[in-house]
Amino acid sequence: MNKNLIALAVAAATFSGAASAATVYSDDTSSLAIGGRVEARALSSENATNDQVTDVLKQHTSNDVTDISRVRVNIDAKTQIADGVQGIGYFEREFKADNANDENRYIYAGVNSDKYGQIVYGKADGSLGMITDFTDIMAYAGSVVGGSKLAVSDRTTNNLAYSGTFNNLTFKANYVFDGAAYNEKTGQKTNQNGFSTAVKYNVADTGLALGAGYAQQKDQTAINNPVNQTSKQTFAVASYTMGDLYFGGLYKYGHRDATNLVNGDVTDSQGYEFAAAYTMGKAVFTTTYGFMKDERNTSGAYDELANQLSVDGTYYFNSNFRTYASYTFNMLDKNKVGKVAASDQVVLGARYDF
């Protein structure tokens, strides 16, 4: 969920502040803090399984309940290396309920200047997360259009990233170097370097915020399509906060940045997304609608890549513990993309932050 909305919810619930990492060591120049979350989540949706006899993929006709619980633990370290300048290091690991997809979410170190901003290297955020956060506000369901951003602009490895805030303006830029990425069909190394950049501006105290971002990356969609081309994306966003109400909008245009769900072709895409939230006491109600289509068909016809409406409600018992319920109405044509890709989703969750 968007951190600004969390802050709104916590403030509305009259708590002193959001849960934060606990400092386990501190002296005159250095500190070490540990934080994270424990999140129990039950997902009900259509699933695909392999037939044990024919080894052919088949789809259930009824919903299954899947345990998608997770735990995140992070370590945040910093030390003063000059006046107003700190050396920093950050690590976060996520553990899944089935142990199959555990991952290191962040591993980076760098330098932070109170005046000039922060530069880090490692597995760190790209630049477009700041932009897609305008509509990525749900307790569970993510931004369907923003979630399609290129790997170079998302959380990724081999990443040199800069961010700085100057009054009401925040600027981010990052570059991902060539890495050992190999084409699964040819076995040859592919060049997947790229960059992204974004800017966000809060218009004084009006409640209005604007943002834009751009990313490009070589061979982003060529793992199973061995064509040496560059993928590109452009995003534009706006939001307005008025008391307990929040509204956000996002537009995206992409070149060779998506995969057609019907035929599997690499395609251009165009999408938009709208989000709204209302804080009522200790509860936050959010909704998001996202639509994205294939742009390669010049006849005017197109295939839908995403078409869904999500609604959820979150209740904050205090700054550490919340529960939520989420429902996603998936409006893709199941006759074209299959029952799994077009399935609705219901999620119940409980989250403890520390």
Side-chain angles (χ1 to χ4, degrees), residues 2-4 6-7 17-37 72-94 103-134 136 149-181 191-202 209 211-218 233 235 353-354:
N2 187 305
K3 293 180 180 178
N4 292 331
I6 294 175
S20 59
T23 300
V24 297
Y25 173 80
S26 178
D27 60 21
D28 292 340
T29 59
S30 303
S31 65
L32 180 70
I34 296 178
R37 70 172 73 165
R72 292 179 182 172
V73 179
N74 59 65
I75 300 173
D76 188 2
K78 63 179 60 178
T79 184
Q80 197 79 16
I81 57 177
D83 187 22
V85 181
Q86 305 87 36
I88 60 173
Y90 188 81
F91 167 78
E92 183 172 86
R93 176 79 173 173
E94 180 169 282
E103 65 167 330
N104 293 324
R105 286 172 50 83
Y106 294 97
I107 305 175
Y108 65 77
V111 176
N112 178 76
S113 167
D114 296 340
K115 184 177 181 180
Y116 299 108
Q118 174 178 289
I119 186 166
V120 300
Y121 172 79
K123 187 170 187 179
D125 285 327
S127 301
L128 293 188
M130 174 178 71
I131 300 301
T132 58
D133 275 352
F134 276 61
D136 187 9
K149 56 184 175 288
L150 297 174
V152 69
S153 61
D154 205 349
R155 187 179 65 253
T156 188
T157 60
N158 210 6
N159 185 15
L160 182 66
Y162 168 81
S163 63
T165 299
F166 310 95
N167 295 320
N168 291 331
L169 179 71
T170 299
F171 173 76
K172 289 190 174 185
N174 71 293
Y175 182 83
V176 174
F177 297 92
D178 294 346
N191 178 1
Q192 292 187 309
N193 68 306
F195 72 90
S196 67
T197 184
V199 62
K200 181 179 74 171
Y201 183 72
N202 296 320
Y214 175 81
Q216 72 174 51
Q217 186 168 12
K218 292 184 179 179
Q233 290 181 330
F235 284 83
D353 290 82
F354 58 91

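Everything quoted here is computed from the prediction, not taken from an experiment.
Here Gln233 contributes atom CD and Ser196 contributes atom OG; the two are 9.5 Å apart, rounded to the nearest 0.5 Å. How far CG of Asn112 is from CD1 of Ile119: 11.5 Å, rounded to the nearest 0.5 Å. Between Arg72 atom CZ and Glu94 atom CD the span is 4.5 Å, to the nearest 0.5 Å. Atom CG of Asp154 sits about 8.5 Å away from atom CG of Leu128, to the nearest 0.5 Å. Atoms CG and OH, on Asn168 and Tyr201 in that order, are 5.0 Å from each other to the nearest 0.5 Å. A distance of 6.5 Å separates NZ in Lys200 from CE in Met130, rounded to the nearest 0.5 Å.
A donor-acceptor contact under 3.5 angstrom links the side chains of Asp27 and Tyr25, judged on distance only. Judged by distance alone, the side chains of Ser30 and Lys78 never bring a donor and an acceptor atom under 3.5 Å apart. In the model, Thr165 has a side-chain atom that pairs as donor or acceptor with a side-chain atom of Thr170 under 3.5 Å.
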From CA spacing to verdict: side-chain contact (heavy atoms from CB on, under 4.5 Å), Val176, Asn193: CA-CA 5 Å; Val176 174; Asn193 68 306; 5.7 Å; no
Candidate pair Arg105 and Phe91, rule side-chain contact (heavy atoms from CB on, under 4.5 Å), full reasoning: CA-CA 8 Å; Arg105 286 172 50 83; Phe91 167 78; over 6 Å; no
Side chain to side chain donor-acceptor pair (under 3.5 Å) between Tyr108 and Asn159, intermediate numbers included: CA-CA 9 Å; Tyr108 65 77; Asn159 185 15; over 6 Å; no
Stepwise side-chain contact (heavy atoms from CB on, under 4.5 Å) test for Thr132 and Lys149: CA-CA 9 Å; Thr132 58; Lys149 56 184 175 288; 3.3 Å; yes
Stepwise side-chain contact (heavy atoms from CB on, under 4.5 Å) test for Asp114 and Val85: CA-CA 6 Å; Asp114 296 340; Val85 181; over 6 Å; no
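Residues Phe177 and Tyr121 are in side-chain contact: their nearest non-hydrogen atoms beyond the backbone lie under 4.5 Å apart. Contact check for Ile81 versus Thr79: side-chain heavy atoms found under the 4.5 Å cut-off. Taking the side chain as every heavy atom from C-beta outward, Val152 and Asn174 approach each other to under 4.5 Å. At least one side-chain heavy atom of Ile75 sits under 4.5 Å from a side-chain heavy atom of Leu32. Tyr90 has its side chain within reach of Asn74: a pair of non-hydrogen atoms, C-beta onward, lies under 4.5 Å apart. Between Gln118 and Lys172 the shortest side-chain heavy-atom distance does not fall below 4.5 Å.
For Thr156, there are no side-chain hydrogen bond (donor to acceptor under 3.5 Å, both in side chains) partners two or more places apart in sequence or in a different chain. In this structure, Arg93 has no salt bridge (charged side-chain N to carboxylate O under 4.0 Å, His left out) partners at least two apart in sequence or on a different chain.
No donor-acceptor pair closer than 3.5 Å links the side chain of Gln86 to the backbone N or O of Ile88.
Classification of the Tyr214-Phe195 ring pair by plane angle, with boundaries at 30° and 60°, yields tilted.
Heavy atoms only, all atoms of each residue included: Phe171 and Tyr162 are closest at CD2-CE2, 3.8 Å. Minimum heavy-atom separation, Ala198 to Ile131: CB-CG1, 3.6 Å.
Remark: Arg37 does not engage Glu92 in a salt bridge, criterion side-chain N to carboxylate O under 4.0 Å.
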